[in-house]
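Values below: all heavy atoms of this structure, side chains included; hydrogens, waters and symmetry mates excluded. Chain letters run A, B, ... following the sequence lines, proteins first, then strands; residues in each count from 1.
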Number of protein chains: 2
Amino acid sequence: MAETVTIKTIASLLGISPSTVSRALQGNPRIGLRTRERVSELALSLNYVSNSAARMLKKNTTFTVGVVVPNLHEEFFSLLIAGIEDVLGQNGFQAIISQSRDDMEREKKAVEHFLRARVDGLIVSLSATTNEYDHFQRLERYGIPVVFCDRTPKGFPSFRVRSSVEAGLRSGLEFLYQKGIRKIALLNGPPYLLSSDERLNTYLRGMYELNLETSPNYIRSTDLSKEDTITQIEEILQLENRPEAIIAFNDYVALDAIKVVKQKGLVLNKDITFLSFANLPITDHVENGPIASVEQFPYQIGSKAGELLHGVLSCPSDIHNYREEVVDSVLKIRGL
Amino acid sequence: MAETVTIKTIASLLGISPSTVSRALQGNPRIGLRTRERVSELALSLNYVSNSAARMLKKNTTFTVGVVVPNLHEEFFSLLIAGIEDVLGQNGFQAIISQSRDDMEREKKAVEHFLRARVDGLIVSLSATTNEYDHFQRLERYGIPVVFCDRTPKGFPSFRVRSSVEAGLRSGLEFLYQKGIRKIALLNGPPYLLSSDERLNTYLRGMYELNLETSPNYIRSTDLSKEDTITQIEEILQLENRPEAIIAFNDYVALDAIKVVKQKGLVLNKDITFLSFANLPITDHVENGPIASVEQFPYQIGSKAGELLHGVLSCPSDIHNYREEVVDSVLKIRGL
DNA sequence: CTGTTAGCGCATTCAC
DNA sequence: GTGAATGCGCTAACAG
């Protein structure tokens, strides 16, 4: 029953040699048509499935790429994964997915697993707690290229696809300004992330150019956990000079923060207004959401990462020829 | 640079044999402590990582299990996956995840990939369009056990962990009844799924026992796509005898349907009330959601599936000793 | 305590 | 057109 069937099984059953079976299965034209047919028929009826470990050992390639994302439940990442899968699938690669749950140790374990499995390449969106990159450097030793996307590392040269929030956030600040809002705070993500940097820089420059004041009190970071977001928003709300608007790192942070705002009896879009990033489909169903959100096109980010990786894989000499792709953002204003 | 380092590399560098290195790396006490130390030091500095394909070929086990779910973005499935990962991780297994996107062909491809990769076991939640199970039967030939969870097959003997919605749905019907609601329709999932069956049966029996009338018009199925849900709900709303309440297959179906209801100018919880399944955390942020939802405890479903699979793996003679685990449900009523 | 040998399943080179 | 032989990286039985 559970007898494994290999090319040998087929060979001896047909009274031919394993190498002939191997060649027949690959459609090698040197093998007689008749033999090929007999082989594939038998293979089918015996339910033969080639052992990829053996194949890999021989050919030193797996046609498999690992994907590590912070989590799977955020629509942002599932859309990103869809983009990766679609592009890679078209090129004959299988994507296998792992989540770090925003925990660097889990991320390390996942990378370790993929390294042992000798995936051909890796696509990573960093965990919020990742502040060292040794586990990625090791992959280079094995010639396994890594493409970072969205959550990309700081000060670590690499292939990357990032979202530029600049355009979207600029429009967002102007939008708030035109609504008469002047006091704007930033509830940012973890400082390790390039995306936090970009939000901060764009915020600072935008505020400056709009001639608006800000202060260190107005700039806080959450580690993206619900708990920390609650702590941070509570401190912001307690400021004697309470902001009229808050720019949240992403829609989830905004939703968590808005819950607190409402618990405190404040009125959304009157006492305080939220602007955030991601523009997730699920927020369609949410009434008390951010007034506007910067669309980042996660599917495109994923598919660009897939293309980038595929490019590197088809031209291995490029492995240190690091490139960066940028996906632009657009501000989406919700109906009130 | 990209020179692969194997146990041979280490062996020749240290002037010892590959098998000694292999044993040392496994912490075999028969190898001298000093040798073990030298080996692990060198392995570390050379960035040695064992090749799991080679190991697998030898030991015929991968310590890897495949997980196939319909999608990753529904919190239900990401919680289910978290349950699987936690249990399996504790037992030294790595879960690798794939999504079918509710498409049987994709599901088949994923299963095929896992079969080639010779995962030790498989955990599956069926795609909404899956109506044949040949691709799972093939796994049995290779002694790879499959555990179905939540979306389990009909008429196909197997290991399964399912959610019993009976208790929750019964409470739900009574809850609606006590609110004076008499006309209750069912917007069910695809007929292939056991969970659709259970919802239907419980609905029919509950209606009967409450002495409420129903009719074929009141019972519809959606394939879970947004488009089909919209079509179905529109037809329900056009009935001359429009229901006062609708039981939706899950929270997502409910949210999609509610959007239509509001577009038609109907008032939620007055003209029409929704009850659904899953009780997802995200609905915390949704004001116009179902009035109540049957909590199904997806994390528990996942962890039970992990335990069940782990049990079968540690006792291979059990491979046809099919068992079913049931996770009970509870009605959660939302504050209005 | 350590080395030698063989083989897991497959693809490939070299024979014929 | 087909077969025999070899080796990918690793482990395990058998020797010493």
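Rounding to whole angstrom units, CG of residue Asn28(A) and P of dC10(C) are separated by 17 Å. Atom-to-atom, CD1 of Ile16(A) to P of dG3(D) comes out at 6 Å; the value is rounded to the nearest Å. Rounded to a whole Å, the CZ atom of Arg116(A) is 15 Å from the C1' atom of dG9(D). Atom CG in Asn60(B) sits about 17 Å away from atom P in dG7(C), given to the nearest Å. Rounded to an integer number of Å, the gap from CZ of Arg36(B) to P of dT2(C) is 10 Å. Look at CE on Met56(A): it is 13 Å from C1' on dC10(C), rounded to the nearest Å. As rounded to whole Å, 9 Å separates atom C1' of dC8(D) from atom CG of Leu57(B). For Arg34(A) and dT2(D), the CZ to C1' distance is 16 Å, given to the nearest whole Å.
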> What string of B, S and - do you get for nucleotides 10-16 of chain D 5' to 3' if you count protein non-hydrogen atoms under 4.0 Å?
Replying inline: BBBBB--
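Under 4.0 Å is where a charged nitrogen must lie from a carboxylate oxygen, and between Glu85(A) and Arg101(B) at least one such pair does. A salt bridge is defined here as a Lys NZ or Arg NE, NH1 or NH2 lying under 4.0 Å from an Asp or Glu carboxylate O, and Arg36(A) with Glu41(A) fails to meet this definition. Salt bridge status for Arg106(B) with Asp86(A): present, with a side-chain N to carboxylate O gap under 4.0 Å. Ionic pairing of Lys109(B) and Asp103(B) is not present here: no N-O contact between side-chain nitrogen and carboxylate oxygen is shorter than 4.0 angstrom. Between Arg116(A) and Glu112(A), at least one side-chain nitrogen of the basic residue sits less than 4.0 Å from a carboxylate oxygen of the acidic one, meeting the salt-bridge criterion. With respect to the salt-bridge test (charged N to carboxylate O, under 4.0 angstrom), the residues Asp318(B) and Arg323(B) qualify. Between Glu324(B) and Arg162(B), at least one side-chain N (NZ, or NE/NH1/NH2) sits under 4.0 Å from a carboxylate O, which counts as a salt bridge. Salt bridge annotation for Asp102(B)-Arg151(B): present, with a cationic side-chain nitrogen under 4.0 angstrom from a carboxylate oxygen.
OP1 or OP2 of dG3(C) sits under 4.0 Å from a side-chain N or O of Thr20(B).
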>> Test side chain to side chain donor-acceptor pair (under 3.5 Å) on Arg138(B) and Asn47(A); report intermediate values, then the result.
In response: CA-CA 7 Å; Arg138(B) 309 180 61 194; Asn47(A) 251 304; 2.7 Å; yes
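From one end of the helix from dC1(C)-dG16(D) to dC16(C)-dG1(D) to the other, with five pairs defining each end axis, the axis direction shifts by 40° (rounded to 10°).
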